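Everything below concerns the one structure shown next.
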Amino acid sequence: MFQDLHALHTRTSGRRILDLFAADLRRAERFSADLGEMRLDYSKTQIDDAIRAGLIALCDRAQLADKREAMFAGAPINETEGRAVLHTALRNLDGGPVHVDGAEVMADVRLTLARMRRFAEALRSGALPGAGGAITDVVNIGIGGSDLGPAMAVLALAPYHDGPRCHFVSNVDGAHIADTLRGLDPARTLVIVASKTFTTIETMTNARTARDWMQRGGGDPERQFAAVSTATDRTAAFGIPGDRVFGFADWVGGRYSLWGPIGLSLMIAIGPDDFDAFLRGAQEMDRHFQSAPWEKNLPVMLALTGIWHHQICGHPSRAVLPYDQRLARLPAYLQQLEMESNGKSVAMDGTALDQAAGPIVWGEPGTNGQHAFYQLIHQGKQVVPCEFMVAARGHEPDLAHHHRLLIANCLAQSEALMRGRPLDEARAIAAARGVAGDELERQARHRVFAGNRPSTTLIYPRLTPAMLGRIIALYEHRVFVEGVILGINSFDQWGVELGKELATSLGPVVDGTESAAAKDGSTAALVDYVLAHRDT
Ligand code: F6P
């Protein structure tokens with residue numbers, strides 16, 4: 001399906017990206033897509049008119065427009081689980097009705113949002129106190145999509161945080177909950193148990209530990225626990241009163257769930273109005289995705305750039321590099337969003353894919369990453385397409401000089417990746433340092449940068465709640481477009497099941513109540529090691 005593009009790749013792979021700029025003075029503008037003041041610049045790549053046309057042809061061949069509308073309309077596009085995929089309904093604030101299996105769902109979405117709003121306002125004002133007074137701290141207990149989204153967004157929107165402090169406990173490692181609860185007042189802490197299924201072992205173990213801690217410390221779990229789940233029968237069995245349970249439907253995937261009740265901790269942190277702005281930002285991206293021509297459509301062009309780099313050029317990973325310390329958790333969030341969605345080996349119809357679907361996604365905020373792994377990005381043998389993002393303005397007016405340095409570094413990195421440093425320039429630098437002869441040659445070779453390394457830059461005025469909403473929705477739709485073009489189901493995650501099953505069966509073995517004899521040699525020996533050392 002990618003033959004034409006492979007041929008274009010072969011023809012253009014030796015070409016310098018810099019030369020594309022020399023040949024087209026409007027390249028930066030022609031190879032960018034805008035949504036209002038948000039801009040995706042993909043001009044620092046090998047993509048030219050012919051390649052873009054070839055990539056866009058993939059959208060038509062995959063019937064992207066129809067599939068996009070099927071998603072927004074509530075069709076059961078998650079075929080292996082027989083479910084609709086409707087996270088977009090959670091932010092469809094000014095939109096029309098949405099139907100799933102003939103039933104309108106927006107009335108319920110609005111009702112739940114209104115309940116969340118009332119709860120968040122009451123908590124923030126002190127009208128819903130704990131046993132010891134107004135709530136000062138909120139602990140969200142969840143994992144994966146029930147943790148990464150709110151944890152990422154609460155940090156990202158720190159300048160808007162005027163509610164109780166928020167903490168996130170995800171790992172079943174007791175260290176996580178112990179370190180988090182230490183110093184909190186059990187009588188003034190709200191615990192939100194966030195779990196779509198309300199069965200996830202990590203979350204349920206942490207929730208029980210938190211409940212014991214609260215009871216021992218004079219708190220009142222009846223008043224100080226809330227739950228977010230699709231399984232209201234299980235939340236009731238856990239003892240959480242119905243008025244503190246915020247439900248959502250199974251057509252919201254875990255890693256797409258930040259927009260509804262899973263975002264409760266975010267709403268408590270920044271307030272319902274800013275949470276609304278966050279939803280509206282995402283809704284703007286939805287509308288843009290539904291209406292902009294492919295060539296000017298941010299999610300589509302980000303997806304096609306991804307397909308070009310991974311499926312066609314064969315680069316195995318991509319780095320997400322936000323030049324924003326408050327987006328420190330974004331790479332982890334996107335790892336789940338992209339890798340749990342598109343880390344697949346079979347097509348929707350069950351046949352084996354003949355190429356990899358999703359790339360490995362990784363990253364860290366800049367400038368920190370520059371002093372850690374950028375060495376490999378610049379001089380390593382493997383090419384890592386980089387996705388930079390940066391705001392034109394920070395939130396610290398007194399520290400505008402910091403922000404100027406931040407931007408300068410971000411732009412410098414994409415320029416350096418593209419420009420590189422040829423051998424003659426490296427020789428001149430070594431010669432200027434007084435090095436000569438063989439030593440000059442040796443030194444110069446260490447200072448060569450191959451350059452011609454692709455990157456995209458997402459730039460926006462400021463990281464506001466609305467802008468964060470747009471960014472997350474942009475990446476969600478990018479994952480969808482890549483999935484449609486590859487013909488896979490981006491909305492299931494069967495690959496997480498086997499490990500969960502084996503962990504359950506290993507529980508009694510690690511306890512020493514069952515024998516490890518049936519296990520493979522390595523696992524049995526590791527169990528023996530644990531049993532021999534656990535009390536030492
Ligand atoms: O193990 C993967 C997963 O199922 C994710 O898809 C999900 O976000 C996470 O676990 C948590 O699931 P739950 O919200 O049901 O506790």
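Quantities reported herein were computed from a predicted structural model and do not represent experimental measurements. Counting convention: from 1, in listed order, for ligands and their atoms alike. In what follows, every heavy atom counts, from backbone to side chain, and hydrogens, waters and symmetry copies are set aside.
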Original post:
Nearest to atom 12 (O) of ligand 1, what protein heavy atom do you find, and at what distance?
Top reply: Thr200 OG1, 3.5 Å
Original post:
Judged by non-hydrogen atoms, does Glu202 sit under 4.0 Å from ligand 1?
Top reply: no
Original post:
Which protein non-hydrogen atom lies closest to atom 5 (C) of ligand 1, naming both residue and atom, and how far is it?
Top reply: Glu340 OE1, 3.5 Å
Original post:
Hey, does the side chain of Gln224 reach the backbone of Asp220 with a donor-acceptor pair shorter than 3.5 angstrom?
Top reply: yes
Subject >> Nearest neighbour in protein (non-hydrogen) for atom 8 (O) of ligand 1 >> reply: Gly145 N, 2.7 Å
**OP:** Measure from the side-chain N and O atoms of Arg462 to the backbone N and O of Ala391, and report whether any donor-acceptor pair falls under 3.5 Å.
**Re:** no
Subject >> Pair Tyr475 + Tyr333: ring centers closer than 6.0 Å >> reply: no
**OP:** Any chance you could measure Arg91, atom CZ, to Met285, atom CE, to the nearest 0.5 Å?
**Re:** 9.5 Å
**OP:** Look at atom 15 (O) of ligand 1 and say which protein heavy atom is nearest, naming residue and atom and giving the distance to 0.1 Å.
**Re:** Thr197 OG1, 2.7 Å
Subject >> Which residue and heavy atom of the protein sit nearest atom 10 (O) of ligand 1, plus the separation >> reply: Lys500 NZ, 4.3 Å
Subject >> Top protein contact for atom 11 (C) of ligand 1, by heavy-atom distance >> reply: Ile143 O, 3.2 Å
Original post:
Can you find an N/O atom of Gln493 closer than 3.5 Å to an N/O atom of ligand 1?
Top reply: no
**OP:** Take Arg478 and Glu387 through the salt bridge (charged side-chain N to carboxylate O under 4.0 Å, His left out) test and state the conclusion after the steps.
**Re:** CA-CA 13 Å; Arg478 178 261 191 106; Glu387 301 188 352; 2.6 Å; yes
Subject >> Proximal atoms of ligand 1 relative to Ser146 (non-hydrogen, under 4.0 Å) >> reply: 13 (P), 14 (O)
